[in-house]
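Read the structure below first, then the notes.
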Amino acid sequence: MTPSTRPRRKSALLARSRIIGVIRTFFEERGFLHMETPCRIPSPAPEPYIDALPSREWYLQTSPELAMKRLLAAGHQRIFQICRCWRDGERGRFHLPEFTMLEWYRADADYTDLMTDCEELLLAVASAVTGEITLTFQGMEVQLATPADRLSVREAFRRYTTLSAEEALQRDCFDELMVTKIEPNLGIGVPTILYDYPAARGALARRKTDDPELAERFELYLCGVELANAFSELTDPAEQLERFQQDREERSRAGKDTYTLPLPFLNELSAIPPSAGIALGLDRLVMLFLDLPDIDDVVAFTPEEL
Amino acid sequence: MYSSADLRKGLKITLDNEPYLVTSFDFTKPGKGQALYRTKMKNMITGSTLDRTYRSGETFEPASLEDRVMTYLYKEDTHYTFMDSQTFEQVSMDESALGDSKNFIVDNMQVDVLLFREKAIGVNLPNFVNLRVTGTEPWAKGDTSGSDSKPATVETGYVLRVPPFIEEGELIVIDTRTGEYSTRVKG
């Protein structure tokens, strides 16, 4: 860090600490319990494009997701966690290989309940941090008092690209179109909730009962920045096992570690009531509210500074 | 060989047999999707720019550029010819590849010639060069217009602003990075 960025970072860390306080209060007032689960785990979810860092024969968590769902299975109704996560090889203006995640889960709920949570949380942070209901990030303005724009993935492809979401998947350019054509348009003016992903991009989300080609998953965007990913949780152990096996095969084809299957999670999955869960990048939230262009500006130290 | 993970601003890579400089770089990853490396690149010969997006694991050949100290010999039409002072090998390059450097280059000047696969694609000049003023209006004594500079033409044909006291035939020092007058050469 050059000395000239030091004062900026100092005030950012002060604001970051305050934002974390606001978030904790927000959830505690709504009856959520703050949970702490182990960071070092034997079996990360075998997601095709998220790589865990090995720690001896185990791994550092890429998300507390599996442990949080086991807590739902154990009967907890509303839980949240603010914790560190590690993802190998992710470094950029919005990425650190070690970052802070906020996750929360609701039993007897679906992803629409989390959409409302997102809107309320953004407003609570805004009123505590800036006292404004408008957020400005790098010259882009977002109104937080109005409901987020709800845009389906199908409609987003129709609106911003020349292919349908299905065609983009077939032609293997879904991610490229998402990054270059769609994301820059999201969360401008009001936050965008991009919802209902093709089942192939459903990850750990359950399929829609009336349209099984789609999964009940959404991403929250502000100023073109992806802030959170949410699911109506998949609770069918057989389907979850099948998806894990497909993901492990995909990882294997890519020459990546396939991990071992998270068996305790799979065994307890059927005990989870219909639930919804979400993961939000806390560092990015701080960047957005403080209008700082680089994730380096909102953490105490980057790996390069150690 | 570089891979996607090595991409960063300032990296020089070979694309379609031409050298490119990465001028802007962004690591992106759509939710649950794959890592994408977005770049803007500038062709180091033509100066044209392009946007390219790469996935993980793609490989790139480094653009191995070589710097050699050479002496500027002469200009023919729009071609400038240089000679390696040790091997006596000669290379020539078009005016367009020289860019603004052509304003500051005179016979027998030592410069760093940038080579890509034996082809000269540009020069690095010293930060300061001495050039002779070949034309400028004399300083009108008693000029009260308040102007603190006047135009002058140097031996390469380049025109710049100089202080009023500079006279025709004088040697002046020019900063090649800005193209501006720096000082006069005494004596």
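FYI, side chains are in, hydrogens and waters are out, and symmetry mates aren't considered; it's all heavy atoms of this structure. Protein chains get the first letters and strands the later ones, always in sequence-line order, with residue 1 at the start of each.
- Counting heavy atoms from C-beta on, the side chains of Leu36(B) and Asp175(A) come closer than 4.5 Å.
- The number of heavy-atom neighbours closer than 6.0 Å to NZ of Lys102(B), taken from other residues, nucleotides and ligands shown, is above 12.
- Residues from residues 221-235 of chain A that place a non-hydrogen atom less than 4.5 Å from a non-hydrogen atom of chain B comprise Glu226(A), Asn229(A), Phe231(A), given in numerical order.
- Of the two parts of Arg217(A), only the side chain, counted from C-beta on, holds a non-hydrogen atom closer than 4.5 Å to a non-hydrogen atom of chain B.
- Taking every heavy atom of both residues into account, Tyr49(A) and Lys32(B) meet most closely at CD1-O, 3.5 Å.
- Contact annotation for Arg55(B): only side-chain heavy atoms (C-beta onward) come within less than 4.5 Å of a heavy atom of chain A.
- Counting heavy-atom neighbours within 6.0 Å of Lys256(A) NZ, excluding the residue itself, gives a total above 12.
- Within the 4.5 Å cutoff, side-chain heavy atoms of Phe27(B) are placed close to those of Glu90(A).
- Atom NZ in Lys29(B) sits 15.5 Å away from atom CZ in Phe94(A) (nearest 0.5 Å).
- Under a cut-off of 6.0 angstrom, the local environment of NZ in Lys40(B) is sparse, with at most 12 non-hydrogen atoms contributed by other residues, nucleotides or ligands.
- Open room surrounds CG on Asp100(B); 12 or fewer heavy atoms of other groups in view lie less than 6.0 Å from it.
- The local environment of CD in Gln86(B) is sparse, with at most 12 non-hydrogen atoms from other residues, nucleotides or ligands closer than 6.0 Å.
- Around atom CD of Gln110(B), more than 12 heavy atoms belonging to other residues, nucleotides or ligands sit under 6.0 Å away.
- In this structure, Lys150(B) places its NZ atom where more than 12 heavy-atom neighbours from other residues, nucleotides or ligands lie under 6.0 Å away.
- In terms of heavy-atom proximity, Gly33(B) sits nearest to Arg201(A) at CA-NH1, 4.1 Å.
- The NE2 atom of His95(A) lies 10.0 Å from the CG atom of Asp26(B); values are rounded to the nearest 0.5 Å.
- Contacts between Glu176(A) and chain B at a heavy-atom distance below 4.5 Å involve backbone atoms as well as side-chain atoms.
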